[in-house]
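Proteins come first, then strands; the chains are lettered A, B, ... in the order of their sequence lines, and each starts at number 1.
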Number of protein chains: 2
Amino acid sequence: MLRISKLTDYGTMILVHLAVQARGAKDGVVDPEHLCSASDVASGTRLALPTVQKLLKVLARSELVRSVRGAEGGYALARNPATITAAEILDVFEGPLSITECSTADSRCELEDGCPTGGAWQKINRGIRGALDEITLADLAHPPREFPLVDLSGRSSRLRHRPTPGQG
Amino acid sequence: MLRISKLTDYGTMILVHLAVQARGAKDGVVDPEHLCSASDVASGTRLALPTVQKLLKVLARSELVRSVRGAEGGYALARNPATITAAEILDVFEGPLSITECSTADSRCELEDGCPTGGAWQKINRGIRGALDEITLADLAHPPREFPLVDLSGRSSRLRHRPTPGQG
DNA sequence: AGGATACTGGACTAAGATAGTCCCATATAG
DNA sequence: CTATATGGGACTATCTTAGTCCAGTATCCT
Ligand code: FES
Ligand code: FES
């Protein structure tokens with residue numbers, strides 16, 4: 001459905017939470033080393049604790065988040081939010097993203113022979129991925145700002161949504 | 001997963017098949033009125049007949065395909081392929097597409113209150129939709145050509161895929 | 001050392017979505 | 001009237017998703 005799973009949505013919320021905390025939402029002090037515990041994140045995001053734990057585990061296994069075990073341990077972003085893209089986030093939670101099955105593993109598709117689209121979806125997928133590469137976690141943590149992505153569709157006349165109305 | 005279902009993929013293949021047939025792949029004669037029966041499409045796309053029948057029914061209920069009942073009946077595109085967009089195709093098979101649940105019905109989301117992303121995915125979704133509005137069925141039926149979509153990511157330096165290598 | 005804290009890994013289940021098939025009714029051509 | 005072909009829907013096996021829970025391990029603090 002061109003729809004990401006709830007877990008990915010939650011996961012993004014968690015990442016944004018971590019980004020905001022590191023920025024110093026707590027004491028107004030910027031501290032990239034600030035560790036958030038799972039329960040910390042759960043209450044901050046209002047998600048169920050077990051779910052948060054599960055997702056943080058996944059994140060910790062990725063290169064996006066680092067973890068410290070033991071008492072006073074917790075999670076923190078491993079990199080600067082500006083260097084973490086939406087595409088990477090999707091990769092972590094949903095595996096290498098591909099819009100169709102055939103585009104997953106280098107076009108290994110049983111239907112490829114008779115497929116009239118000639119890998120059209122693959123190309124669309126690549127384009128979308130390119131767009132997703134533009135969005136960073138830092139962008140996600142700054143709701144008021146518009147995304148560069150809307151520029152992309154601005155060059156068309158066939159489009160439906162408003163091209164950034166007077167809002168900034 | 002940012003992944004469309006198999007049925008949508010099949011459905012696209014069917015649409016492309018109809019487009020090609022109307023273009024006159026059969027006798028070399030262009031005939032927008034040419035009707036394809038379900039079994040016709042099934043053998044042409046190498047998909048299972050029952051599945052093709054199911055999908056053609058869905059398509060016929062949409063505004064993309066028209067049908068003629070009875071003997072010598074069949075299906076044909078209702079509009080010019082150049083006016084049918086990928087976004088419309090996805091709409092038909094997957095309903096109004098939205099990348100997250102909260103973006104489905106005008107941000108009616110239980111988590112919206114505590115959501116730190118502030119509808120970020122919604123905006124991403126809108127951008128992707130805009131990109132999908134650019135692709136037409138006519139594009140899909142012309143594999144050799146590149147899509148305008150790749151231009152979109154071309155303005156970035158963070159991107160991964162090649163910007164249309166010597167292929168045309 | 002010993003207890004408290006907190007991450008790690010994986011198993012497990014209920015609910016939902018998906019893919020695919022089949023049946024019967026209806027409409028049209030000949 | 002009969003063969004052809006769509007229309008609408010029911011139905012089920014399978015897969016995926018969402019959510020929970022438990023046993024293990026590392027670290028801090030007393
Ligand atoms: S369906 Fe797989 S390549 Fe087209
Ligand atoms: S999770 Fe629904 S608005 Fe953010």
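- Within 6.0 Å of the CZ atom in A:Arg79, the count of heavy atoms belonging to other residues, nucleotides or ligands exceeds 12.
- Taking atom CZ of B:Phe93 as the reference point, atom P of C:dT18 lies 14 Å away to the nearest angstrom.
- Rounded to whole Å, the distance from CG on A:Leu56 to P on C:dA6 is 13 Å.
- Atom CD1 of A:Ile135 is separated from atom CG of A:Leu90 by 11.0 Å, given to the nearest 0.5 angstrom.
- Side chain of A:Ser5, nearest nucleotide from D:dG7, C:dT8, D:dA18: D:dA18.
- Distance from the side chain of B:Arg61 is smallest to D:dG8 among D:dG8, D:dA18, D:dT6.
- Atom CG in A:Leu18 sits roughly 14 Å away from atom C1' in C:dC7 (whole-Å rounding).
- Between A:Leu7 and A:Phe93 the shortest side-chain heavy-atom distance does not fall below 4.5 Å.
- Between B:Ile14 atom CD1 and C:dG20 atom P there is a gap of 12 Å when expressed in whole angstrom units.
- For the pair B:Leu59 CG and D:dG7 P, the interatomic distance rounds to 11 Å; values are reported in whole Å.
- Proximity of A:Ser5 to A:Thr8: side-chain heavy atoms (C-beta onward) are separated by under 4.5 Å at one or more points.
- Within the hydrophobic cluster formed by Ile, Leu, Val, Met, Phe, Trp and Tyr side chains joined at under 4.5 Å, directly or through other members, B:Leu35 is accompanied by B:Val68.
- Rounded to a whole Å, the CG atom of B:Leu35 is 11 Å from the C1' atom of D:dT6.
- Between A:Tyr75 and A:Leu18, the shortest heavy-atom distance links the atoms O-CD2, 3.9 Å.
- Between A:Ser67 and C:dT8 there is a side-chain N or O to OP1 or OP2 distance below 4.0 Å.
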**Q.** Sugar-phosphate or base contact per nucleotide [nucleotides 19-30 of chain D; S, B, -; heavy atom under 4.0 Å]
**A.** BB---BBBBS--

